[in-house]
Amino acid sequence: MIKAVRGTRDILPPDTDVWNRVESICREVFALYSFHEIRTPIFEETQLFARSVGEDTDIVSKEMFTWDDRARAQSEKSQSLTLRPENTAGVVRAYIEHKLGETGKLRKLYYIGPQFRRERPQKGRYRQFYQIGAEVIGPPSAGSESPARDAEVLEVLATLLDRAGIKGWTLYLNSVGCANDRPRYLAALREALAGVKDKMCPDCQRRADTNPLRVLDCKVPEDQPIIAKLPRISEYLDEDCRKHFAEVQSILTACGVPFTLNDRLVRGLDYYTRTAFEFTHGNLGAQNAILGGGRYDGLSEALGGPKAPGIGFAIGEDRFIMALAGENAEQYKARSADVYIAPMGTGMNVHGARLARELRNSGITVELGDESFRLKKSFESAEKLGITHVLIVGENEVKADAFALKNLQSGGQVTIARTDLPRHFAH
Ligand code: AMP
């Protein structure tokens, strides 16, 4: 038997009802804030991720699904392609390619779709997983650098989680500085690490040289006392970054969005500047980050585009759904159909189908049986589908243009004229 590949999975009904409901709540909330959807390709040139996410990150150095796409004709070139491990790079590439900044407007874009990372699969961690994300990006003249944008992005997230019914989330917030103050901090960090890195885990020893910020992200218990004594980024922010971060916090406080400062929060992608954040949830076990994001003021320029500061986030949809389980998920499952139509006897499928079409056109959900089913089998089929009402379509009913409606719960039966049926089932 051929099974789904490790780290991938099928999402089946009724779970897909919950996924769809979550996505539609997100679409409704995005619309309230004037975000519009963008759909970028699932694969891109490998270079895009290497240059944006960063060569030294775990994602680029070991987790990408990359292949050499050979030329199929003389006119084509072979190229290295990669399944997208995240979507911000693709959105910023599209922003540059289609000159979305030229209107002078702020762009507020969202996406929903699969991402791919070759990580070790475990609970809440997959090789194909889904993200619901958004980006606010534009020329500085459109206000894209303003702390008001950071606060708005965090506030839309609080609204999303609350509306979906996810309770007990925590927002961790940090500022990781900018091109101006980061070098000073990195120098201080490198110096401090030089004296202690030998005592740290192999990953940290490597990161101390390649990407020292990532040391702060280490989860190995023995390393924690060492990390606690390293210089703190909050002490190295320049005046502008400090003010920017303070303003983000005041707006959040004014809006009543609770947050916890965590100056070790650095996130795994190189492009972040200033505001960086993560929302966690208690239901998720070890992989407790439900979403993450931050500001990326230099990303467009790093990809050869115009100056276009931005901020965005990506919600892990798989984890979002896990966090919902046991809270609101049941109510998101689609209801059973309103009525089961049971055609009784030869020639009755025609009449059943016509009646089903009429009722469905009136917004009533209908399941349709088959004329070969005996009445008992129709009742059992309806029960299996969780439907309590069965409409019997037999020769007598067709002649009278009125149908017997059996209530399987109470056992009662009434006769209803065709024209009265839509009103009878109206929600
Ligand atoms: P990132 O793009 O790394 O900032 O991740 C944003 C969010 O995507 C995380 O907070 C997770 O909820 C989710 N996520 C990242 N990687 C995976 C994965 N391998 N499986 C499931 N969810 C993931």
Side-chain angles (χ1 to χ4, degrees), residues 1-4 9-28 112 130 163-166 317-318 320-427:
M1 188 179 45
I2 299 176
K3 292 188 175 164
R9 61 194 177 132
D10 302 305
I11 302 165
L12 306 172
D15 292 349
T16 37
D17 295 333
V18 182
W19 283 67
N20 282 328
R21 186 67 196 117
V22 161
E23 289 171 16
S24 61
I25 291 172
C26 290
R27 288 178 195 279
E28 286 161 21
I112 299 177
Y130 295 80
R163 285 218 185 178
I166 292 185
E317 191 175 0
D318 309 75
F320 196 103
I321 305 275
M322 272 168 67
L324 263 186
E327 288 195 18
N328 265 351
E330 280 309 311
Q331 79 184 49
Y332 293 155
K333 295 197 171 147
R335 287 181 305 114
S336 304
D338 297 315
V339 64
Y340 184 96
I341 292 184
M344 292 290 304
T346 314
M348 288 301 126
N349 270 349
V350 173
H351 299 283
R354 193 184 133 204
L355 188 59
R357 182 169 162 85
E358 281 171 21
L359 294 183
R360 286 168 176 155
N361 282 342
S362 309
I364 294 156
T365 53
V366 177
E367 281 277 1
L368 189 52
D370 189 89
E371 63 185 24
S372 69
F373 291 2
R374 307 179 79 92
L375 195 55
K376 186 160 171 279
K377 180 163 174 183
S378 292
F379 289 172
E380 283 167 4
S381 305
E383 256 172 350
K384 271 191 202 146
L385 295 166
I387 305 172
T388 50
H389 290 80
V390 179
L391 203 51
I392 299 162
V393 180
E395 218 163 307
N396 292 338
E397 280 84 1
V398 170
K399 267 192 208 128
D401 214 21
F403 302 85
L405 179 68
K406 172 97 176 172
N407 182 330
L408 295 179
Q409 254 164 10
S410 66
Q413 187 165 317
V414 287
T415 298
I416 304 175
R418 178 189 289 271
T419 46
D420 289 339
L421 279 171
R423 215 171 331 127
H424 187 84
F425 290 107
H427 296 295

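Not measured: the values here are computed from a predicted model.
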Q.
Give me the atom names and distance for the closest heavy-atom approach of Tyr340 to Gly369.
A. OH-CA, 3.3 Å
Using distance only, find each side-chain donor-acceptor pair of residues 371-378 under 3.5 Å and give its atom names and separation, not counting sequence neighbours.
| unit_1 | atom_1 | unit_2 | atom_2 | d |
| --- | --- | --- | --- | --- |
| Glu371 | OE1 | Gly347 | N | 2.9 |
| Glu371 | OE1 | Met348 | N | 2.9 |
| Glu371 | OE1 | Asn349 | N | 2.9 |
| Ser372 | OG | Asp370 | OD2 | 2.8 |
| Lys376 | NZ | Glu380 | OE2 | 3.2 |

Q: Please assess Leu405 against His424 for the test side chain to side chain contact (heavy atoms under 4.5 Å, CB included), listing each intermediate value before the final yes or no.
A: CA-CA 11 Å; Leu405 179 68; His424 187 84; 3.4 Å; yes
Q) After noting the C-alpha distance and the side-chain angles of Leu391 and Ile416, does the key distance pass the side chain to side chain contact (heavy atoms under 4.5 Å, CB included) rule? A) CA-CA 9 Å; Leu391 203 51; Ile416 304 175; 5.9 Å; no
Q) Do you know the tightest heavy-atom contact between Asp17 and Lys333? A) CB-CA, 3.8 Å
Q: Count the heavy atoms of every other residue, nucleotide or ligand shown that sit under 6.0 Å from CZ of Arg357, and state whether that count exceeds 12.
A: no
Q.
Could you report the tightest heavy-atom contact between Ala164 and Tyr332, atom names first, then the distance?
A. O-OH, 2.7 Å
Q) Counting N and O atoms only, with roles assigned by atom type, does the side chain of Ser336 sit under 3.5 Å from a partner on the main chain of Leu385, one being a donor and the other an acceptor? A) yes
Q | From OG1 (Thr16) to CD1 (Ile321), nearest 0.5 Å | A | 10.0 Å
**Q.** Atom pair CG/CD of Leu421 and Glu358 - distance to nearest 0.5 Å
**A.** 8.5 Å
Q: Report the residue from Ile387, Leu355, Asp338, Val339 that forms a side chain to side chain contact (heavy atoms under 4.5 Å, CB included) with Val366.
A: Val339
Q.
How long is the straight-line distance from CG of Leu368 back to CZ of Arg360, given to the nearest 0.5 Å?
A. 6.0 Å
Q | Any Leu359 side-chain heavy atom under 4.5 Å of Ile341 side chain | A | yes
Q: Could you tell me whether Arg27 atom CZ has more than 12 heavy atoms of other residues or ligands within 6.0 Å of it?
A: yes
Q. Excluding sequence neighbours, so at least two apart, what forms side chain to side chain donor-acceptor pair (under 3.5 Å) with Ser24?
A. Arg21
Q. Can you name the closest pair of heavy atoms from Ile166 and Ala323 and give their distance?
A. CD1-CB, 4.1 Å
Q. Is the side chain of Thr388 donor-acceptor paired with the backbone N or O of Leu408 at a distance under 3.5 Å, no angle test?
A. no
Q | CZ-CG distance between Arg423 and Asp420, expressed to the nearest 0.5 angstrom | A | 5.0 Å
Distance-only criterion, 3.5 Å: show the donor-acceptor pairs between side-chain atoms of residues 392-403 and protein atoms not counting sequence neighbours.
| unit_1 | atom_1 | unit_2 | atom_2 | d |
| --- | --- | --- | --- | --- |
| Glu397 | OE1 | Gly394 | N | 3.1 |
| Asp401 | OD1 | Arg418 | NE | 2.7 |
| Asp401 | OD1 | Arg418 | NH2 | 3.4 |

